[in-house]
Each structure stands twice: as structure tokens, then as C-alpha cells.
Amino acid sequence: MSIAELPLTDTVPAGGLDAVRAWVDDIAALTQPDEVVWCDGSLGEADRLTKQLVAEGKLIRLNPEWRPNSFLARTDPGDVARVEDRTFICSEDESDAGPTNNWRAPDAMRAELREVFAGSMRGRTMYVVPFSMGPVGGPISQVGIQLTDSAYVAVSLGMMTRVTDIVLDLIDAGQPWVPTVHSVGFPLVDADGVAREDVPWPCNPTKYIVQFPETREVWSYGSGYGGNAILAKKCFALRIASVMARDEGWLAEHMLIIKVTSPEGRVFHFAAAFPSACGKTNLAMLEPSIPGWTVETIGDDIAWLRQGPDGRLRAINPEAGFFGVAPGTGLSTNRTAVQTLWGNTIFTNVALRDDGDVWWEGLTDEPPAHLVDWEGNDWTPESGRPAAHPNSRFTVSAAQCPSIADDWDAFDGVPIDAILFGGRRATNVPLVAQARDWKHGVFIGATVSSEKTAAAEGVVGELRRDPFAMLPFCGYNMADHWAHWLKVGEQLGDKAPAIFQVNWFRKGDDGRFLWPGFSENARVIEWIARRVEGSAGSVGTPIGRLPVVEELDLAGLDLPEEDVEALFEVDSASWQAECDLTEQFFDRFGSRVPAALRAELASLRYHLRA
Ligand code: GTP
Ligand code: SPV
Ligand code: MN
């Protein structure tokens, strides 16, 4: 059979291990790797792969005195973040992808992918990596397999998910699985058999991050960077899983999960959706500044939520590791993360110290006198540029986190008491507000806007709508996602969690953050917990219920009264302008916007004018 005739999978594969083997053979015939290696997720395997990556110059081993079994990867300068304009949702019907996704017809995209993947792994090894999202065999968990020609990606996947060959047994016993294919698009031998040298970070200027929601497949080409290449994460656990969730009545969301314990010993679980690089990992690892409260980590990026047998919404963290933003992570901001990174960590695009350890902006107050920056160049504090890339990251296993909760990998998940929506907003959005009810909460989620960060290619700081923090991650029409949330709320009835909006990033006229953030966010967490248990009051405003300021614990904070006022100011004129923008945003989705959300907008306008 010629390459052009080779079928690409276009149905969810059934038929157990035979189907897996046939698929692996098909992809190998298409991409033509030298060798196919099946991974089992063992420590020995990770050790072999990292040693090989070091030998090939693709990883730098850090000084084991400071950072045992840890590595630095430097990407190609053109492959440092998610590429949203090269991310495609290939549903049969364009309207199912919606106006916020790039859509391509599935057949046309398959033909294009067949071309780019043909021979793309020549001269390389193709790794077959079976993984479970969530506890292996758990009722909310799902399994998948990633094929990749990058050992860096295979090792990263082993840290971020549960890689084990038990997954193959589950598949053989009939469990559905999601096939994902990844190539860095840098074959070492061309079609004429001419060899070329490998480079430290192979990738391709042309990138494709492709989801087929109906057949539940992922194809990724040209990038080695996290969200583009670790396909179990954003591609599967959000874009594909959101579609599964819509069809099956659950939720796949860009949310952290925490366990909060009050001084009286009452336990709460919160889930919170903030856009990329807007504080999920930091809140997930919060070390409360107020006495008596503890916060423990369950997840820092993705939550799968499903109504449990008791009628409550239960959540799991489908991942098993953290792929966290390095800059801004330091002892004074996120001590828990710094402790998590003591060893067994892969750092990507941070700076290298002369003593063989790593550094990034915010790790310490003062930078070292000399560094090698993320691009491999000499750096001093006078260089006038950041030493670490603003989207530099760490990859580390969740089990290593000192604040990890004992129930973080509970089979059935944890019951969720409150859901938080947030963003990076210099103006308008108060420090915290509670939604009046589920519908109002869905309106708040649907209208989140946030200043763009370095987590994706594009202009940093630009304000954009990022509903549910899912703009780049919803595998179907965003307006249908809102309708789905309304439906889930109806199913949950009076067992539905309370919904809140938070904003750590409001600024004063002088441009400084009004709120100290980080561990002080515990004060907001406390208010939310008190609202959930019914022991704190609130003040009704058009945009939601705000704290009674006297009930908010601000003791010991050096916060001028006018800053507190500014943090909670609801300016009618700016909110009316915000409503106009919301209407324009809704209009992009036409008649698919649920009537309940149009009604929320009308009611907000009415109350702002009243
Ligand atoms: P992704 O992994 O991209 O999804 O990001 P994330 O939402 O987990 O964001 P993360 O917690 O890594 O924070 C991103 C940046 O925001 C870091 O530089 C943090 O230091 C900063 N940040 C987090 N929390 C706060 C806060 O409360 N206040 C301020 N001012 N900055 C914060
Ligand atoms: C994000 O951008 O939201 C991340 C990093 O969590 S990535 O895995 O690249 O998506
Ligand atoms: Mn994220």
C-alpha cells in the first residue's frame, strides 16, 4: 500500500489490543520511524530516556548536589508556547466548532495531515505511551495512547499522567480509548534517503494541533512544547474530553481543585477556573496567611466533574503532575511549589546558574551576578532582558508536592462546595463576588475576560473574552458549553455548588496591584467558605453579592481604606460599557446563546441603570 492510500483512523477504535497494534502499525507505516518502543512508565524507563536525552544534548543535567535527577531543556526560540492560531477543531459541522475555534473540514484536514506526517519520523524512534487520566480504572477516569517521536515528550507524559501497561489490559478488556499522534516534524532522513543532523530541540516552523471531536482523536505536528505536544493534557483532557462530557452529562474544565479546612475542622472542596498564567497553580498550593486555615492541593490545571451517586458534583484531577509557570514562583509567593521542585524535575526555558542549578525571575529577590539565559547566552542583571522566558515551565510529579491532599487521587473524586471564576482584570471586577444562583454563575463564567499572558503566542496584556477560562480549550461551540452548564445545574438542583467571581489583579490608578495576592488570597477563600457554611453576610449589588467589608478578615494587612474601597468598587458606567461588549460577544454566537444568559444580561443592565 502506498502512503497516500493508508487510512487514518476515523472511528473510535474498538477491538482491544489488536486494534491498538493495527493502529500503531498504520501510523508507523505512515511516519516511518526506525524503531517502535512501547513505554511502561517505569522509573527505569524514565532514567534511560533522560540519560539518552542528555547524551544527545537535548537535556542538560542540573548539578545533583542542588537539584538531583533534574534537567533543563531549551526549546527552539520559535516553540515556547501554545499556538492557538494553529489549533483546529475538525467537527463535521462548522457551527459545532463555533466562532471562537479554528475550524477545518475533517476530510480536508485528514488529507493535509497525511501529507505532513508522511515520513515525519524517519530516523527517529516512535514511542507508544499508554496513559490513564485519573486513577487507573476509576469511574471518572479515561485512557488514551500517545504516539510520539520525542523522548522529551514521552518522559514528560510519564510525569504528567499515569503511564502504565495496565492501560493496555483495560483496553483489551474493551474500555474505549483516545488515540493521539505526535511528531516534532523533524525527520532525520529525507524522502531521498539523505540524512541530516539532529538539533537540541527539533521542531517544525509549520505546526498543527488538531482535534477531531466526533472520532475523538488528536494529531499534533511541529511542536515539542507542553500544551502542543503532551496531548493527554489540553488536547485530550480538555478539547476532546469537553465533547465527551457534553455527550455524557459531565464537565471537563480548566480548573484547579483544592481542599480547604477551617479552624473548626470543617472540610470544603473548591474548584477554580482562571485563564492560562492567571494563578491556578498558585491558588492550588496556597499557604494561608491567616491562622487556623489549611489549603491542600488536589489539582492545578484540569478538573473532570461528574454528579455522584449522592447527587453532588464530584471532581477528579485527571493529571498526575504539574506543568507550571516558573517566573513569579518564589519563596515569598509560592513556597510550596519551590519545595515541590527539590529534584526529579524537568525545567524548560529557565536560566542556568554557574553552579549548575536553575534560576528565573521571581525565584529570589536578587538575580545571581551571572547566568546563562534560556536561549543559551551569557546574562547579567545589566542585560536588560529576562533570563528565563516569561512562559518557562517546570514539569514535576504531583506526589512530590508537600501540600498534596490525602484525597487528591480519590477514585470517586471529591465533592465540590464552590466554583470560582477569575481572570486578570486591572479594572471593574471586584476582589470577590458571589453569584446569586447557578444561572447567574454561568453568566459570570460565560463573560470572563482577562488580559492575555505569555502562555500562548500573541500580544501579552490585550484584554480578551475567555469564557470559563476555556477559550482555547473548548472542543465545541462555546455557547453550547454554556447551555450544557445550565443543564448540569438543573440536574444538580439544590445540591449545586455555590459560584463566585474573584480577581487578584485589580490595579490602582498608579498601576500597582491593589491586592497583595498569593498567601493573602486565603482571606478571600475564608469568606467563600463562610458563605458556603452560611455564617457570613453579603451585600447585594447588580453584579453579585459582595462581602460586608467588616466581615472580611483584613487584620495585619497594610491596606489603606481607599484601596479596600477601590477593590470592591462597582462603577455603573464602566459596567454598562462592559455590558455592551458582552452583547457584542454574545452576538458572535447568534441564536446559540441560551435565553437564560440573554436574560441575565438584560437584568444586569436594568439593575445598573436603576
Ligand atoms: P497555567 O499553567 O498557564 O494554566 O497558569 P496558572 O493559572 O496555573 O497560573 P500560575 O499560578 O502559574 O500563575 C501565573 C503567574 O501569575 C505567575 O507569575 C504568578 O506569580 C502570578 N500570580 C499568581 N497568583 C497571583 C496573585 O495572587 N497575585 C499576583 N499579583 N500575581 C499572581
Ligand atoms: C496553559 O497554557 O493553560 C497551561 C500550559 O497550563 S499548557 O500545557 O501549555 O497548556
Ligand atoms: Mn492551564
Side-chain angles (χ1 to χ4, degrees), residues 75 79-84 87 153 156-157 160-161 209 220 223-239 253-258 272-287 289 297 299-303 319 321-338 348-349 360-363 386 388-395 420 422-426 431-432 450-458 460 466 469-473 502-507 511-525:
T75 73
D79 195 24
V80 295
R82 283 182 293 97
V83 282
E84 295 181 1
T87 300
V153 168
S156 302
L157 195 54
M160 293 302 298
T161 72
I209 317 296
S220 163
S223 171
Y225 167 78
N228 298 332
I230 303 168
L231 305 185
K233 195 170 170 59
K234 296 302 172 45
C235 302
F236 174 5
L238 289 178
R239 297 196 191 98
E253 299 294 330
H254 192 201
M255 288 178 174
L256 67 95
I257 309 169
I258 49 176
F274 309 156
S276 300
C278 289
K280 288 184 301 302
T281 302
N282 277 268
L283 184 58
M285 298 181 183
L286 179 83
E287 234 185 306
S289 58
T297 312
D300 84 324
D301 198 51
I302 299 178
E319 303 188 274
F322 307 123
F323 182 61
V325 177
T329 305
L331 286 177
S332 60
T333 54
N334 189 351
R335 192 168 71 137
T336 307
V338 174
T348 302
N349 286 341
W360 51 80
E361 279 68 24
L363 176 61
H389 187 276
N391 192 40
S392 54
R393 300 254 169 185
F394 52 79
T395 309
L420 284 55
R424 200 177 265 274
R425 287 298 304 267
L431 179 63
V432 59
S450 190
E451 292 147 30
K452 213 160 170 293
T453 66
E457 297 286 350
V460 172
D466 193 346
M470 284 287 279
L471 179 75
F473 306 122
V502 299
N503 178 24
W504 315 144
F505 301 95
R506 197 155 179 176
K507 288 182 175 169
R512 86 206 135 80
F513 288 120
L514 290 169
W515 180 247
F518 301 105
S519 61
E520 304 298 357
N521 293 334
R523 299 167 191 269
V524 174
I525 294 301

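Start at 1 and go down the list; that is how both ligands and their atoms are numbered.
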I need the minimum non-hydrogen distance between Ser156 and Ile230, along with the two atoms involved. CB-CD1, 3.8 Å
Return a yes/no value for Cys278: is any of its N or O atoms, backbone included, closer than 3.5 angstrom to an N or O of ligand 1? yes
Report, rounded to 10°, the angle at the Mn ion (ligand 3) between the two atoms NE2 (His254) and NZ (Lys234). 90°
Taking N, O or S atoms only and a limit of 2.8 Å, check whether Ala455 reaches the Mn ion (ligand 3). no
Rounded to the nearest 0.5 Å, the CD1 atom of Ile257 sits from the CG atom of Leu283 at a distance of 12.0 Å
Atom 1 (C) of ligand 2: of Arg393, Met160, Lys234, Glu84, the nearest heavy atom sits on Lys234
Nearest-neighbour protein heavy atom for atom 6 (P) of ligand 1, which is reported as residue plus atom name and distance: Lys280 N, 3.3 Å
Tell me, which N, O or S atom in Asp301 is closest to the Mn ion (ligand 3)? OD1
Can you find an N or O of Lys280 that's nearer than 3.5 Å to an N or O of ligand 2? no
Output, in order, the C-alpha distance, side-chain angles, deciding distance and verdict of side chain to side chain contact (heavy atoms under 4.5 Å, CB included) for Leu514 and Asn503. CA-CA 10 Å; Leu514 290 169; Asn503 178 24; over 6 Å; no
So is Arg424 polar-close to ligand 1, meaning N/O to N/O under 3.5 Å? yes
Pairs of nitrogen or oxygen atoms closer than 3.5 Å, one from Asp301 and one from ligand 1: do any exist? yes
Would you mind listing which atoms of ligand 2 come within a distance below 4.0 Å of any non-hydrogen atom of His254? 3 (O)
Within the 4.0 Å heavy-atom shell around Tyr225, which atoms of ligand 2 are there? 5 (C), 7 (S), 9 (O)
Atom 8 (O) of ligand 2 sits nearest the protein heavy atom Lys233 CE, 3.1 Å
Could you check whether Lys452 pairs with Asp466 (Lys NZ or Arg NE/NH1/NH2 to Asp/Glu carboxylate O, under 4.0 Å)? no
Those atoms of ligand 1 less than 4.0 Å from some heavy atom in Asn521: 27 (O)
Judged by heavy atoms only, the candidate from Ala81, Gly517, Gly279 nearest atom 9 (O) of ligand 1 is Gly279
May I ask you to list the atoms of ligand 2 that are less than 4.0 angstrom from any heavy atom of Ser276? 1 (C), 2 (O), 3 (O)
Does ligand 2 come near enough to Phe473 that some N or O of the ligand is less than 3.5 Å from an N or O of the residue? no
Heavy-atom contact check, 4.0 Å cutoff: does His254 meet ligand 1? yes
If you take the nearest heavy atom of each of Asn282, Leu256, Thr329, which one is closest to atom 23 (C) of ligand 1? Asn282
Heavy atom under 4.0 Å from ligand 2: found in Phe274's side chain, backbone, both, or neither? neither
Atom 20 (O) of ligand 1: the protein heavy-atom neighbour that sits closest, reported with distance to 0.1 Å: Gly328 O, 3.3 Å
Shortest non-hydrogen contact from Ser220 toward Ala229: OG-CA, 4.4 Å
Judged on heavy-atom distance to atom 14 (C) of ligand 1, which of Gly362, Gly226, Ala277 sits nearest? Ala277
Got an N/O contact under 3.5 Å between Arg82 and ligand 2? yes
Short list, please: which atoms of ligand 2 are under 4.0 Å from a heavy atom of Ala455? 2 (O)
I need the atoms of ligand 1 closer than 4.0 Å to a non-hydrogen atom of Arg393, numbered in the order shown. 1 (P), 2 (O), 3 (O)
Thr281 and side chain to side chain donor-acceptor pair (under 3.5 Å): which partner among Asp300, Thr336, Thr329? Asp300
Please say which of Asp301, Asn228, Thr87 ends up in a side chain to side chain donor-acceptor pair (under 3.5 Å) with Lys234. Asp301
Measuring from non-hydrogen atoms of Pro516 to any atom of ligand 1, is the shortest distance under 4.0 Å? no
Within the structure, does Pro327 bring an N/O atom to less than 3.5 angstrom of an N/O atom in ligand 1? yes
May I ask you to identify the nearest protein heavy atom to atom 32 (C) of ligand 1, giving residue, atom name and distance to one decimal place in Å? Phe518 CZ, 3.2 Å
When rounded to the nearest 0.5 Å, the distance separating NZ of Lys280 from CD1 of Ile302 is 9.0 Å
